[in-house]
Amino acid sequence: MPGLLLGDVFPNFEADTTIGRIKFHEFLGSSWGVLFSHPKDFTPVCTTELACAAKVSDEFKKRGVKMIALSIDSVEDHRNWSKDVMAFNSGAEGTLPFPIIADDKRELSVQLGMLDPDEIDKDGMPLTARCVFVIGPDKKLKLSILYPATTGRNFDELLRVIDSLQLTAQKKVATPVDWKPGDKVMVIPSLSDAEANALFPNGFTTKEVPSGKKYLRYTQL
Ligand code: BEZ
């Protein structure tokens, strides 16, 4: 993802979307945001992903995260495709619960480093990869994921990482492998034992390892 690193302020781009023209930072307001890109409208994997995103949109809302999708077709295509997406969800009707950016000139896809050179459309033009950007209320990039066009994403995993990002933005902890909300978390290495005891009312436990180093410290929040 050339040019955009974790901690960078996410570009305040303007774009046409299925809810009209937006300025990204105004669209986000004081919320968290997730921007996820798709290679093309009316394609199979993208349709399954958008349908899943629509199905779990209440979970994003609960976490105060505004969703926005992007694909390299027009607003009109997006609106027509949205009907297929909603119908894919067991024939559900209604509008998609989040907007789709129309990046038909690929300007944003180029700016954000989202084009996948291995996936070419019938005119020889590269398609967008499956990027996910999670943006914090401070408008800074908190997480990016980049999948090729041929691999669909897992929206449960996106919710899981958002839970981790929101928790670790507030508390001096890190979440271990396969962590889920409610599981024990790890005390970050920069905290001394004394600081950890002061910060965590439940204290912490340390797992012994052959090195004798006491860095595997768990706490239950
Ligand atoms: C799809 O969404 O199914 C797809 C799009 C572009 C390339 C490969 C698959």
Side-chain angles (χ1 to χ4, degrees), residues 1-4 10-11 13 15-20 22 24 27 32-61 63 65-135 141-162:
M1 192 182 56
L4 198 55
F10 205 83
F13 61 83
D16 291 320
T17 78
T18 47
I19 56 163
I22 62 157
F24 191 53
F27 167 78
W32 286 72
V34 60
L35 188 160
F36 45 103
S37 64
H38 295 274
K40 192 104 190 90
D41 293 8
F42 304 105
T43 51
V45 176
C46 294
T47 302
T48 62
E49 283 190 321
L50 268 200
C52 178
K55 218 187 265 181
V56 298
S57 62
D58 281 348
E59 291 297 320
F60 284 85
K61 201 171 179 183
R63 291 160 174 81
V65 182
K66 282 199 158 183
M67 306 169 81
I68 190 162
L70 176 150
S71 179
I72 53 172
D73 294 292
S74 64
V75 167
E76 193 188 352
D77 282 338
H78 289 349
R79 290 204 174 119
N80 288 327
W81 181 36
S82 298
K83 292 178 198 154
D84 288 2
V85 169
M86 293 309 282
F88 182 85
N89 275 343
S90 320
E93 295 208 351
T95 49
L96 208 56
F98 48 81
I100 312 178
I101 297 167
D103 193 30
D104 38 352
K105 297 195 182 73
R106 291 175 169 76
E107 285 168 354
L108 205 46
S109 300
V110 169
Q111 184 186 353
L112 299 177
M114 298 195 295
L115 291 178
D116 179 349
D118 285 343
E119 291 295 338
I120 305 292
D121 70 10
K122 60 180 175 17
D123 302 317
M125 295 290 286
L127 300 175
T128 21
R130 299 183 195 281
C131 299
V132 182
F133 298 112
V134 178
I135 301 113
L141 181 66
K142 305 297 179 189
L143 173 128
S144 69
I145 302 176
L146 184 54
Y147 279 36
T150 41
T151 302
R153 288 156 288 194
N154 181 320
F155 280 77
D156 287 337
E157 171 62 3
L158 290 188
L159 288 166
R160 193 190 73 86
V161 294
I162 285 168

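All ligand and atom numbering here is 1-based and tracks the order in the structure.
- Interface atoms of ligand 1 facing Glu119, defined by a heavy-atom separation under 4.0 Å, are 7 (C).
- Residue contacts with ligand 1: Arg130 is placed with a nitrogen or oxygen under 3.5 Å of a nitrogen or oxygen of the ligand (distance criterion only).
- For the pair Pro39 and ligand 1, the shortest N or O to N or O distance does not fall below 3.5 Å.
- Classification of Arg160 and Glu157 as a salt-bridged pair holds, one side-chain N sitting under 4.0 Å from a carboxylate O.
- Proximity to Val45 (heavy-atom distance under 4.0 Å) selects the following atoms of ligand 1: 1 (C), 2 (O), 3 (O).
- Residue Met67 comes nearest to Phe27 through the heavy atom pair O-CZ, 3.6 Å, listed as atom of the first residue, atom of the second, then distance.
- If you take CZ on Phe98 and CD1 on Ile19, they are separated by 11.5 Å, rounding to the nearest 0.5 Å.
- Checked options Asp73, Thr17, Asp41, Asp104; the residue passing with His78 is Asp41 (criterion: side chain to side chain donor-acceptor pair (under 3.5 Å)).
- With contacts defined as side-chain heavy-atom distances shorter than 4.5 Å, the pair Met86/Thr95 does not qualify.
- Short contacts between ligand 1 and Pro44, defined as distances under 4.0 Å to a heavy atom of the residue, involve ligand atoms 1 (C), 2 (O), 3 (O).
- Of the candidates Gly152, Ala149, Pro148, the one placing a heavy atom closest to atom 9 (C) of ligand 1 is Ala149.
- Remark: ligand 1 and Cys46 share an N or O pair separated by less than 3.5 Å (distance only, no angle test).
- For Thr43, a nitrogen or oxygen atom sits less than 3.5 Å from a nitrogen or oxygen atom of ligand 1, counting backbone and side chain alike.
- Electrostatic pairing of Asp123 and Arg106 does not count as a salt bridge here, judged by no charged N lying under 4.0 Å from a carboxylate O.
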